[in-house]
Amino acid sequence: MTPDLAPLHPDRNIALELVRATEAAAIRAVPYIGRGAKEEADGAAVDGMRAFLSTVDFDGVVVIGEGEKDNAPMLYNGEHVGTGEGRAYDIAVDPIDGTSLTAAGRQNALSVIAMSDRGTMLDASSVFYMDKLVTGPAGVGVVDIRLPIGENIRLLAKALGKPVEEIVVSVLNRPRHEKLIQEIREAGAGTRLMSDGDVAGGINAARHDARTDMCVGVGGSPEGIVTACAIKALGGHIQGRMWPRDDDERQKGIDAGLKMDHVYEADDLVKGKNTLFVATGVTDGQLVAGVRREGDYVYTESVVLRSHSGTLRRISSDHLVSKWL
C-alpha cells in the first residue's frame, strides 16, 4: 500500500455506508414506479435516504440537496447530516435523479449521493442550469466546450481512433437543443436522446465500456457538480458554463459568487482528488439495473466510484421484502 493512500482508508467504509442510503431511497420508491406519482416517489426516497445518512459516522453538509429549507423539510441545502463524528465532507444528494422517469416507469432513474472534502464542492444552486461537455479520458486536453460541436466530434473521433460515423453523443431531448442535435448529425455522428437523467448520461459518456462517447447540452447545475465527482474517478473530461434563464437569475448567480460566461473545469466544479460517487438504480439503465422485486426479495444494483483510488465497484444486493416494503 503506497503512503498517499493510507490517510483516506476510512472513505472506503463511508462509501459502503452511502450505498445503504441510496439503496434505501431506491427501494422506498418501488411502489411508485410507473404509477405517475412523481412527488410521492421523491418523498419516499428522501425519507429512506435521510434515515440511513443519519447513522453514518461523518460530518456532512448538504451543498446540493432538495432545495432551500423553507421548501424542503429534509436534505435541504445547508443541512448537516451524519452523526457529526469523523471527517468533514460536502455532500450532494439526489434521492431520485429522474422523478419523471420513475413516475413513467422509463429507464435511467437513479438514487445518487456524491461527496468531497469540506469546502471543495462548488455551490451552483443559484443558477438552475449549466451547459456541459463530458467525455472519457480520451477527451482530456482534446475537446473544449468553447469549440463548435462538429469540431469536438472530429477531435474526439481522432483521439479514439474511430470514424466520426461511429461517435454517439448523448443529449437531453429538449426544444433548446434542436440546433445542437442538428449540428451533431450534420457532423456525421449519431445521437442518443435522453428524456431525463443527465447524470447517468454524463457518466456513461466517460465509461470505457459504454455505448456513448460524449454527453453535451444544457442540464441541471446540481447534476453537473454530481457528475463531476464521478468523472474524477473515471479520469474523464468535464466542463461547464452557467446557463441563467433570465437577467434576474444571472444577477442572482453573480451575487452568489458564480462566474457567468466562464468555463468551469473539473477542478473548479469539485476541488481535490478525494471524491466519492454512489448510485443505485431505481429503473433499469445502461449504468445500473433498476430495483427488481421477486417474491420475498428485492434486488438492487449500485456503483461506487472513488477518485482517490480510481475505482468503479458494482454492488449487487438481495433484500428481504419484509424488512422494507
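Just so you know, residue 1 is the first one in the sequence shown, and it goes up from there.
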Student: Would Gln182 and Glu178 count as having a side-chain donor-acceptor pair, cut-off 3.5 Å?
Tutor: no
Student: For the backbone of Phe128 and the side chain of Glu249, can you confirm whether one donor and one acceptor N or O come within less than 3.5 Å of each other?
Tutor: yes
Student: I'd like to know whether NZ of Lys259 has more than 12 heavy-atom contacts from other residues, nucleotides or ligands below 6.0 angstrom.
Tutor: no
Student: Taking everything shown except Arg314 itself, do over 12 heavy atoms lie less than 6.0 Å from its CZ?
Tutor: yes
Student: Distance from Arg154 atom CZ to Ile149 atom CD1, nearest 0.5 Å?
Tutor: 10.0 Å
Student: Using modelled atom types only, decide if a donor and an acceptor are shared between the side chain of Arg118 and the backbone of Asp59 within a distance under 3.5 Å.
Tutor: yes
Student: If you round to the nearest 0.5 Å, how far is OG1 of Thr102 from OH of Tyr32?
Tutor: 12.5 Å
Student: Are more than 12 heavy atoms, taken from residues, nucleotides or ligands other than Asp247, located less than 6.0 Å from that residue's CG atom?
Tutor: no
Student: Applying side-chain contact (heavy atoms from CB on, under 4.5 Å) to Leu312 and Val304, what does each step give before you reach the verdict?
Tutor: CA-CA 6 Å; Leu312 184 156; Val304 179; over 6 Å; no
Student: Which heavy atom of Pro95 sits nearest a heavy atom of Ala25, and at what distance?
Tutor: O-CB, 3.9 Å
Student: Are the side chains of Ser317 and Ile315 in contact, using a 4.5 Å heavy-atom criterion?
Tutor: yes
Student: Between Cys215 and Arg192, does the side-chain contact (heavy atoms from CB on, under 4.5 Å) criterion hold? Intermediate values first, please.
Tutor: CA-CA 9 Å; Cys215 184; Arg192 185 178 296 276; over 6 Å; no
Student: When you compare the side chain of Asp144 with that of Gln239, does any pair of heavy atoms fall below 4.5 Å?
Tutor: yes
Student: State, yes or no, whether a side-chain contact exists between Val63 and Ile91 at a heavy-atom distance under 4.5 Å.
Tutor: no
Student: Can a donor-acceptor pair be found, under 3.5 Å and without considering hydrogens, that links the side chain of Asp90 to the backbone of Gly119?
Tutor: yes
Student: Is there a side-chain contact between Glu23 and His319 (heavy atoms, below 4.5 Å)?
Tutor: yes
Student: Test the Arg176-Tyr129 pair against the cation-pi criterion, namely NZ or CZ under 6.0 angstrom from the six-membered ring centroid and within 45° of the ring axis.
Tutor: yes
Student: Check for me, please, whether Leu18 and Val46 land in the same ILVMFWY cluster - side-chain distances under 4.5 Å, paths through other members count.
Tutor: yes
Student: What's the spacing between Leu269 CG and Tyr264 OH if we round to 0.5 Å?
Tutor: 8.5 Å
Student: Considering all heavy atoms of both residues, which atom of Gly235 and which atom of Val140 are nearest to each other, and what is their separation?
Tutor: O-CG2, 3.8 Å
Student: Any idea which heavy atoms bring Leu172 and Asp196 closest together, and the distance?
Tutor: CD2-CA, 3.8 Å
Student: OG of Ser307 to CE of Met115: how many Å apart, nearest 0.5 Å?
Tutor: 10.5 Å
Student: Locate the shortest heavy-atom distance separating Val216 from Val169; write the atom from each residue and the value.
Tutor: CG2-CG1, 3.6 Å
Student: Does some side-chain heavy atom of Phe52 sit less than 4.5 Å from a side-chain heavy atom of Thr22?
Tutor: no
Student: Quick one: pull up CG in Asp117 and NE2 in His308 and give me the separation to the nearest 0.5 Å.
Tutor: 10.0 Å
Student: Between Val226 and Ala92, which heavy-atom pair has the shortest distance, and what is it?
Tutor: CG2-CB, 3.7 Å
Student: Which atom names give the shortest non-hydrogen contact between Trp243 and Asp131, and what distance separates them?
Tutor: CB-N, 4.2 Å
Student: Below 4.0 angstrom, N of the basic side chain to O of the carboxylate: do Glu294 and Arg292 qualify?
Tutor: yes
Student: State whether the side chain of Thr283 and the backbone N or O of Ala109 hold a donor-acceptor pair below 3.5 Å, judged by distance alone.
Tutor: yes
Student: Glu301 and Thr280: side-chain donor and acceptor closer than 3.5 Å?
Tutor: no
Student: Closer than 3.5 angstrom, by distance alone: can the side chain of Thr55 be matched with the main-chain N or O of Ala51 as a donor-acceptor pair?
Tutor: no
Student: Among Asn274, Thr275, Asp267, exactly one meets side-chain hydrogen bond (donor to acceptor under 3.5 Å, both in side chains) together with Lys232. Which residue is that?
Tutor: Asp267
Student: Does some side-chain heavy atom of Asp97 sit less than 4.5 Å from a side-chain heavy atom of Glu223?
Tutor: yes
Student: Can any side-chain N or O of Asn77 pair as donor or acceptor with the backbone N or O of Gly65 at less than 3.5 Å?
Tutor: yes
Student: So, the side chain of Asp213 versus the backbone of Val168: is there a donor-acceptor pair under 3.5 Å, distance only?
Tutor: yes
Student: Could you tell me whether the side chain of Glu79 and the main chain of Leu75 form a donor-acceptor pair under 3.5 Å?
Tutor: yes
Student: Go through the steps for Ser111 and Met49 under the test side-chain contact (heavy atoms from CB on, under 4.5 Å), then give the verdict.
Tutor: CA-CA 9 Å; Ser111 177; Met49 180 176 283; 3.3 Å; yes
Student: Is the closest basic N to carboxylate O distance between Asp57 and Arg87 below 4.0 Å?
Tutor: no
Student: Roughly how far, to the nearest 0.5 Å, is the OG atom of Ser116 from the NZ atom of Lys271?
Tutor: 9.5 Å
Student: Mind checking whether Leu160 and Glu166 have side chains closer than 4.5 Å, heavy atoms only?
Tutor: no
Student: For the pair His177 (side chain) and Val218 (backbone), establish whether a donor and an acceptor sit closer than 3.5 Å, ignoring hydrogens and angles.
Tutor: yes
Student: Tell me, do His208 and Pro137 make a side-chain contact under 4.5 Å, heavy atoms counted?
Tutor: no
Student: For the pair Thr99 (side chain) and Ile96 (backbone), establish whether a donor and an acceptor sit closer than 3.5 Å, ignoring hydrogens and angles.
Tutor: no
Student: One pair to check against salt bridge (Lys or Arg N to Asp or Glu O under 4.0 Å): Glu17 and Arg20. What are the steps and the verdict?
Tutor: CA-CA 5 Å; Glu17 291 297 317; Arg20 295 172 63 232; 2.7 Å; yes
Student: Pairing donors with acceptors under 3.5 angstrom, does anything connect the side chains of Asn204 and Thr212?
Tutor: no
Student: Tell me whether Asp296 at atom CG has more than 12 heavy atoms from other residues, nucleotides or ligands lying less than 6.0 Å away.
Tutor: no
Student: Does one hydrophobic cluster hold both Leu276 and Met121, with members joined at side-chain heavy-atom distances below 4.5 Å?
Tutor: no
